[in-house]
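Data first, discussion second: the structure below is written as structure tokens.
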Amino acid sequence: MSTTHVFRGMRSTEHYFELPLDHSRPEGETLTVFAREITSTKHEDPSAMPWLLFLQGGPGGKSPRPASLTGWMAEAAKTFRILLLDQRGTGLSTPANRQSLPLRGDAAARAAYLTHFRADAIVHDAEAIRRALGISSWSTFGQSYGGFCTLTYLSLAPTALDRCLVTGGLASLTADADTVYRATYARMAARNEEYFGWYPQDRRILDEVVAHLRTTEEHLPGGRTLTVPLVQMLGQFLGGNTRVHSLHHVLEGAFIDTPGGKRLSDTFLAAVAEQADRTTNPLYALLHESIYGQGAATNWSAERVLGEFPAFSPDAAAPLLTGEMVYRWYFDSDPVLRPLEETARVLAEHEDWGRLYDPEVLAANTVPVAAAVYTHDVYVDRDLSMETAAAVGNMRVWETDGFHHDGIGDDGSMIFAKLLEMSNADS
């Protein structure tokens, strides 16, 4: 079913699809997958326009909710009908969270259910939706994890694709989770050094915050006890091109004088809470390491590899800020994730992860692929990305140090236009 709304220069049509939970068993259980079609009102009849499927970053994030055509979407709408997919378990698709997952049964049953929520299932959903909409073939635009899904799409159903655009999302085809996290910690260490080189006073403030927490109990606005590892999650600001400087505004207001002495300010506490909050995307914590699982258990990779990078330990004299790593303590300390702690353990120990990419199919690829690789990306390593680029046929790469992982949020229209032009270039 679908409903259309017209506002602020765009048409927004809401589509709901009933699809198999397991596409290898189409007669079995189903779930709902939501997608939002976006077109510009500058096109009186968009029905003849080609389609562009947007694959959201994550995992576990819903698609954008545009209130107007801006950024990359405004640029794309000049040429395409855009389909924003709420990947299964997110947004208006059948939810998978602390409220709904208990319906599945015990932790083992919940984990078994969630094994159907990786990139291969997302691609099969996209294919079912494409056929349901009567689309012969379409283009894709994948940001971050959406790029991982793109590589899976090129492996499983390349004939359905006209072109693929990727930003900050060329996953390694072969690296295990430990290899990925070693690269991530190294990039994060360099980014910490860069940031505190810009703002040396922020290093002193962060050290003061850490020392304060070692002697004084503080709580986030919702009552959660503030710990050093939670403060380290402010490192998620470092993955941005413009967001990185917002971290300075968080740290400069860290303390406030009170009748009981110097305490952490409500403004600072709220900023930490925002970075730590997984209420709306618990699948990020549950499935993050599984996106690297191919044939082996990930077994809390980020936590294990942390031992090789003691500067990130919360017990270090001056702990570095972390990024997108997921640790076991997430589930113990977060009331939203605590009901899913045992499910997370089962998923971490799951060994039977299927292959997500087909190197032979990708090597022979003829679909035009244009990818932006960000030189200093702290989340998707540049070196691993370039190895993948060399292994995929018909791949054109634009490497730039002018953006970080959130490039399309900084200058999405330019980046999209450049990649589209690259994909249209003669081989």
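Quantities reported herein were computed from a predicted structural model and do not represent experimental measurements.
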* Asked: Once the angle between the rings of His245 and Trp198 is folded into 0 to 90°, is it parallel (under 30°), tilted (30 to 60°) or perpendicular (over 60°)?
  -> parallel
* **Close side-chain approach of Pro282 and Leu340, heavy atoms under 4.5 Å** => yes
* **Closest contact, heavy atoms only, Ser290 versus Arg118** => O-NH1, 2.7 Å
* **N/O donor-acceptor pair under 3.5 Å between Thr152 side chain and Leu356 backbone** => yes
* Roughly how far, to the nearest 0.5 Å, is OG1 of Thr227 from CG of Leu220? -> 8.0 Å
* Measure the shortest side-chain to side-chain distance between Leu52 and Trp138 over non-hydrogen atoms and say whether it is less than 4.5 angstrom. => no
* **Nearest-0.5 Å distance that lies between atom CH2 in Trp300 and atom CD in Glu349** => 9.0 Å
* Evaluation steps, side-chain contact (heavy atoms from CB on, under 4.5 Å), between Thr39 and Met10 -> CA-CA 6 Å; Thr39 59; Met10 70 178 190; over 6 Å; no
* Between Thr375 and Arg382, do the side chains contain an N or O donor and an N or O acceptor separated by less than 3.5 Å? -> no
* Counting only heavy atoms not in Glu351, do more than 12 fall under 6.0 Å of its CD? -> no
* To do: Might you work through the side chain to side chain donor-acceptor pair (under 3.5 Å) test for Arg224 and Ser333, ending with a clear yes or no?
  => CA-CA 8 Å; Arg224 186 178 179 186; Ser333 66; 2.9 Å; yes
* Should the ring pair Tyr181 and Tyr185 be called parallel, tilted or perpendicular, given that the plane angle runs from 0 to 90° and is split at 30 and 60? -> tilted
* Stepwise side chain to side chain donor-acceptor pair (under 3.5 Å) test for Thr322 and Gln232 -> CA-CA 5 Å; Thr322 56; Gln232 289 176 275; 5.4 Å; no
* Could you tell me which residues satisfy salt bridge (Lys or Arg N to Asp or Glu O under 4.0 Å) with Glu387, sequence neighbours excluded, listed by chain and number? => none
* Asked: Would the number of heavy atoms belonging to other residues, nucleotides or ligands and lying under 6.0 Å from CZ of Arg304 be above 12?
  -> yes
* Which pair of heavy atoms, one from Phe196 and one from Leu321, lies closest together, and at what distance? -> CZ-CD1, 4.1 Å
* Any Leu419 side-chain heavy atom under 4.5 Å of Trp72 side chain -> no
* To do: For the pair Arg191 and Glu194, find out whether any cationic side-chain nitrogen is under 4.0 Å from an anionic carboxylate oxygen.
  => yes
* **Backbone of Leu213 reached by a side-chain donor or acceptor of Thr216 within 3.5 Å** => no
* Asked: Just by distance, do the side chain of Ser40 and the backbone of Lys78 share a donor-acceptor pair under 3.5 Å?
  -> no
* Asked: Can you tell me how far CD1 of Ile122 sits from CG of Leu156, rounded to the nearest 0.5 angstrom?
  -> 12.0 Å
* Side-chain donor-acceptor pair present, Glu37, Ser12, cut-off under 3.5 Å -> no
* Pairing of Arg88 and Asp125 as salt bridge, 4.0 angstrom limit -> yes
* Kindly say whether Gly105 contributes a backbone atom to a donor-acceptor pair with the side chain of Arg110 at under 3.5 angstrom? => yes
* Closest contact, heavy atoms only, Met395 versus Ala371 -> SD-CB, 3.9 Å
* Arg65/Asp86 ion pair, N-O < 4.0 Å -> yes
* Asked: Charged N to carboxylate O below 4.0 Å: is that the case for Arg187 and Asp383?
  -> yes
* Heavy atoms of other groups near Glu274 CD, more than 12 under 6.0 Å -> no
* Are Asp352 and Thr115 close enough that some pair of their side-chain heavy atoms sits under 4.5 Å apart? -> no
* Plane angle bin for Tyr327 and Trp329 - parallel if under 30°, tilted between 30 and 60°, otherwise perpendicular -> parallel
* How many angstroms lie between atom OG1 of Thr90 and atom CG of Asn281, to the nearest 0.5 angstrom? -> 9.5 Å
* Do Phe309 and Met188 have side-chain heavy atoms sitting under 4.5 Å apart? -> no
* Stepwise, does the side-chain contact (heavy atoms from CB on, under 4.5 Å) test hold for Leu154 with Tyr357? -> CA-CA 8 Å; Leu154 286 165; Tyr357 316 114; over 6 Å; no
* Tell me, with the steps shown, if Leu362 and Thr388 meet side-chain contact (heavy atoms from CB on, under 4.5 Å). => CA-CA 10 Å; Leu362 291 171; Thr388 295; over 6 Å; no
* Asked: Salt bridge between Lys418 and Glu421, side-chain N to carboxylate O under 4.0 Å?
  -> no
* Structure fact -> All heavy atoms of Arg104 vs all of Ala109, minimum pair found to be O-CB, 3.4 Å
* To do: Say whether, by atom type as modelled, one donor and one acceptor occur between the side chain of Gln56 and the main chain of Lys62 under 3.5 angstrom.
  => yes
* Asked: Within the side chain of Ser93, is there an N or O that forms a donor-acceptor pair under 3.5 Å with the backbone of Gly89?
  -> no
* Asked: Once the angle between the rings of His15 and Phe17 is folded into 0 to 90°, is it parallel (under 30°), tilted (30 to 60°) or perpendicular (over 60°)?
  -> parallel
* Would you give the length of the straight line joining atom CG of Leu173 to atom CD of Gln294, rounded to the nearest 0.5 angstrom? => 8.0 Å
* Asked: Hey, is the main chain of His405 close enough, under 3.5 Å, to the side chain of Gln143 for a donor-acceptor pair?
  -> yes
* To do: Please determine which of Ile256, Asp257, Thr258 meets the side-chain contact (heavy atoms from CB on, under 4.5 Å) test together with Ser265.
  => Ile256
* **Closest approach of Phe403 to Asn241 (non-hydrogen atoms, all atoms of both residues)** => CA-OD1, 3.4 Å
* Asked: For Glu127 and His23, what are the C-alpha separation, side-chain angles and deciding distance, and is it a side chain to side chain donor-acceptor pair (under 3.5 Å)?
  -> CA-CA 10 Å; Glu127 275 296 272; His23 283 272; over 6 Å; no
* To do: Using modelled atom types only, decide if a donor and an acceptor are shared between the side chain of Asp381 and the backbone of Leu384 within a distance under 3.5 Å.
  => yes
* Side chains of Leu287 and Tyr145 in contact at under 4.5 Å (non-hydrogen atoms) -> no
* Asked: Heavy atoms, side chains only, cut-off 4.5 Å: are Val272 and Leu269 in contact?
  -> no
* Is there a donor-acceptor pair under 3.5 Å between the side chain of Glu342 and the backbone N or O of Ala107? -> no
* Structure fact -> Value for CZ (Arg182) from CG (Asp176), rounded to nearest 0.5 Å, stands at 7.0 Å
* Criterion side-chain contact (heavy atoms from CB on, under 4.5 Å) on Tyr292 and Trp353, from CA distance to verdict -> CA-CA 9 Å; Tyr292 307 114; Trp353 294 117; over 6 Å; no
* Are any side-chain N or O atoms of Arg81 and backbone N or O atoms of Pro50, one a donor and one an acceptor, separated by less than 3.5 Å? -> no
* Asked: Side chains of Tyr374 and Thr400: closer than 4.5 Å at any heavy-atom pair?
  -> yes
* Structure fact -> For Pro319 and Arg203 the tightest heavy-atom approach is O-NH2, 3.1 Å
